[in-house]
Every structure is written in C-alpha cells, then in structure tokens.
**Q** 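Before I ask anything, here is the structure I am working with.
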2 protein chains.
Amino acid sequence: MSDITGEASAESRTYSISDLAREFDVTTRAIRFYEDKGMISPERRGQTRIYTPADRTKLKLILRGKRLGLTLDESRDIIEMYSPGESNAEQLLKLIRKIRERRDYLTQQMHDLEVMMVDLQESERRCLETLREVAPEAEAKLEPQD
Amino acid sequence: MSDITGEASAESRTYSISDLAREFDVTTRAIRFYEDKGMISPERRGQTRIYTPADRTKLKLILRGKRLGLTLDESRDIIEMYSPGESNAEQLLKLIRKIRERRDYLTQQMHDLEVMMVDLQESERRCLETLREVAPEAEAKLEPQD
DNA sequence: GTTTACCTTTACGTTAACGTAAACCTGGGT
DNA sequence: ACCCAGGTTTACGTTAACGTAAAGGTAAAC
C-alpha cells in the first residue's frame, strides 16, 4: 500500500467535509480540529475545503490511531513515519529507532489484546453455563453465534 | 485464570500504596484516583490503605485497559464482566451481549493493530533501504535486530 | 426573493484523568 | 525530643479532544 499521496492513480475524486464526516461517522468539527493541529491540509475553493483521496487516507489513519488509543500527536508522528521526507542519514537512523519503538509498543498491545480476548471468552463461557442452569430456554434470545 | 478474589490461595501478602506504585510505575495519586472512582477498595489499618493480591490484580486490569485505550469507565465495566454477580437470567443475557459487543470491538482493534504493524514494517524496510543507499556504514549504529 | 442546505470563522464550555501543592498525622530510629 | 520517610485529606490546576453556540457567507431550489 503506502500510497499516501495518491498522486500516481487516476483517482482525482474530491470530497466535501461532510462527505468525509458521514463516511467515517465523525463531526465536521472534529475534522476541522485535525486541520488546526496540522494533520490534514485540504485545498480551498474560495472558502470551502476540498479533500483529496490522500486527505481521506490521512483521516482514516487518524481514526485508526484513535481506535488503538493513540493521542493525535502520536498519530501525527506515525503518519509522518510513513513518508520519510528527510534523506539525511542521521534523521533516518532516528526515524528507524522511533519506528521500532512504536512496533515494540504495538507488540505489547497485541499481547494485552489477546489476553483480554481470552479472559472475556472465559467469562462468556461461564455466563452461558450459569444461564443454562438457571433458565435453559433463555439462550435462544441470543444472536446465533459460536 | 480468573482468580480475581484470590481468596482460595494461601497468598495473604499485602501491599502498601507505594509498593504498587513502584511495581506498576504509576503515582500514588493515580491509585487513589481509581479508588475514588470505585474501582479498587482496599482495607484500612487506621488511616493507611492495605492492598490484597486481589486489589493488585484489579489495578493490573485497569492498566491493561489503559494500554488498549479504554477509559476508566470502560475498564470498570469489563472488570465487572469478569465476576458475574447477578444470577438473574435477564441480567445474564444482557451481560453476555455486552461481552460479545466488547469482543467484537477487540476484534476490530486486533485488525487495526495488524494493519498498522505491517505498515510500520514496510516503512522501516524502506527506511533501511534508503539508508543503505545514502550511508551504508550507518546501519551498524542500530541495535542488532531482524 | 427567500427559504434551504451547505459551508465558514471565532470563541467559550466540557469531560477525563490525573498533577501539584498545602497542611497534616505517625511510627521508628538516633 | 526530634527528625524523617512513609502515609493521609482537601482542593485547585492542567491538558487533550472535541462540543456547542453564535453569527455569518453562498449557491441552488422553489
């Protein structure tokens, strides 16, 4: 992937602010806020903002970061990691170290997630067990799953 | 696992507030804050708080939640899910639905994590590539990895 | 021409999760 | 007796990430 600019593709669609707001289920206020923080820089036709597919991708990355509990600053950092920018060796070394740090943290998160997943699965199992003892017919009220 | 009470084991160790603060690298202020929000309820010897292994476990769960980007309220919810409490069929059904909802969200998070992991791995690879072009000797300055 | 549906900026309000400071108690060591 | 390293409560301060008006511009629809 990593086509963050989207310039190579023939895709030249644009989006209004509320297009994106609808698609990702956030408010326009939030999107403008991300712009204030320098994370998205849409063009303007007169006053109104015009978003390219690249802007859309950035927004998607921001929201993915949020779902993982990142702050906006952290997400901005990560997004910058995707597009090197600096070709200086010193900068590249620093960036690689940053990326590895972040990956280590993701590994820790992954582990936390797995453990919590298993724990919840266990809890669900025990709940179902109790439910069957108490009211065997009630289980039908659940979505067909598992 | 799921030994949230810890009552069955012979473990009757106790911890002071700064014991836990040191172990988990949080401030005592934070721990007291979690108590204010009703998430931990240590006993008292006089004025001072005394924490049992069960309390320690709860704190651990809270911090794991934080690492995954949960709010304290969400963590409290999940911790409550671990210990049924209500044996009423209606309550159990609600709880099971809540657990499944949460697990669905975790699944989404898991996916986000995997994608971000792959993206970062890609970025790292490209960085290394550029680094080798620009300054082939500089790579030695990185930790031995990969 | 005026309502409707968008868009804009500016600015104050809000919530969560603590940080930080002040002022105090308390048991053990010298 | 006194200090010191722990503990305590109370309370105000802070930051992030928006929410929520207020007040207005613009273009198409009726």
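Residue numbers start from 1 in every chain, and the chains themselves are labelled A, B, ... in the order their sequence lines are given, proteins ahead of strands. The model shown is predicted, which means the values in this text are computed figures rather than measured ones.
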**Q** C/dA16 C1' sits how many Å from B/Lys37 NZ, rounded?
**A**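 Taking NZ of B/Lys37 and C1' of C/dA16, I get 7 Å after rounding.
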**Q** For a quick check of understanding: with a heavy-atom distance under 4.0 Å over all strands, which category does B/Arg44 fall into, base, sugar-phosphate or nothing?
**A**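 Touches sugar-phosphate only.
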**Q** Let me know the distance between CD1 of B/Ile50 and P of D/dG6, rounded to the nearest Å.
**A**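 Between P of D/dG6 and CD1 of B/Ile50: 17 Å.
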**Q** Checking A/Ser18 side chain against A/Ala21 main chain: does a donor-acceptor pair fall under 3.5 Å?
**A**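 Not confirmed, A/Ser18 side chain does not pair with A/Ala21 backbone.
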**Q** Using modelled atom types and a 3.5 Å cut-off, is there a donor and acceptor pairing between side-chain atoms of B/Thr27 and backbone atoms of B/Ala30?
**A**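 Indeed, once roles are kept as given, a pair shorter than 3.5 Å links the two residues.
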**Q** Please walk me through it: do A/Lys58 and A/Asp55 pass salt bridge (charged side-chain N to carboxylate O under 4.0 Å, His left out)?
**A** CA-CA 5 Å; A/Lys58 282 190 186 174; A/Asp55 294 325; 5.4 Å; no
**Q** Measure CD/B/Glu43 against C1'/D/dG7 and give the value in whole Å, please.
**A**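 Result: 17 Å.
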**Q** Distance check needed: D/dA17 P versus A/Leu59 CG, whole Å only.
**A**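 Between P of D/dA17 and CG of A/Leu59: 15 Å.
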**Q** Sub-3.5 Å donor-acceptor pair from the side chain of B/Arg45 to the main-chain atoms of B/Thr48, do we have one?
**A**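 No; judged by distance alone, with no hydrogens or angles, the pair does not exist.
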**Q** Any salt bridge between A/Lys94 and A/Glu90, counting N to O under 4.0 Å?
**A**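 Result for this pair is no, no salt bridge flagged.
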**Q** CD1 of A/Ile17 versus C1' of C/dA5: gap in Å, rounded?
**A**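 It works out to 15 Å between those atoms.
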**Q** Quick one: are A/Thr52 and A/Tyr15 in side-chain contact, heavy atoms under 4.5 Å?
**A**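 Result no, sub-4.5 Å side-chain heavy-atom pair not found.
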**Q** If you find the nucleotide of DNA chain C closest to B/Gln47 and the one closest to B/Leu72, which residue's nucleotide is nearer the 5' end?
**A**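 It is B/Leu72, whose closest nucleotide lies nearer the 5' terminus.
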**Q** Can you check the A/Asp73 CG to D/dT15 C1' distance for me, whole Å?
**A**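 The distance from CG of A/Asp73 to C1' of D/dT15 comes to 11 Å, rounded to the nearest Å.
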**Q** Look at the side chain of A/Ser18 and decide which nucleotide, out of D/dG7, D/dA17, C/dC6, has an atom nearest to it.
**A**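 So the nucleotide nearest the side chain must be C/dC6.
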**Q** Could you tell me how far apart B/Arg45 (CZ) and C/dT26 (P) are, to the nearest whole angstrom?
**A**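 One finds 15 Å between P of C/dT26 and CZ of B/Arg45, rounded.
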**Q** Short question: side chain of A/Arg126, backbone of B/Tyr82 - any donor-acceptor pair under 3.5 Å?
**A**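 Judged by distance alone, yes, a pair lies under 3.5 Å.
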**Q** From the options D/dT9, C/dT8, C/dA17, select the nucleotide whose nearest atom is closest to the side chain of A/Thr48.
**A**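 For A/Thr48, the side-chain atoms sit closest to C/dT8.
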**Q** Is the phosphate of D/dG7, meaning OP1 or OP2, less than 4.0 Å from a side-chain N or O of B/Arg49?
**A**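 Checking B/Arg49 against D/dG7: no side-chain N or O falls below 4.0 Å of OP1 or OP2.
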**Q** Look at B/Lys66 and C/dC18 and indicate whether a side-chain polar atom (N or O) is within less than 4.0 Å of OP1 or OP2.
**A**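 True: B/Lys66 side-chain N/O within range (under 4.0 Å) of C/dC18 OP1/OP2.
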**Q** Kindly state which residues belonging to residues 26-36 of chain A come within less than 4.0 angstrom of DNA chain C, counting heavy atoms of the residue only, listed by number.
**A**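 A/Arg29, A/Arg32, in order of number.
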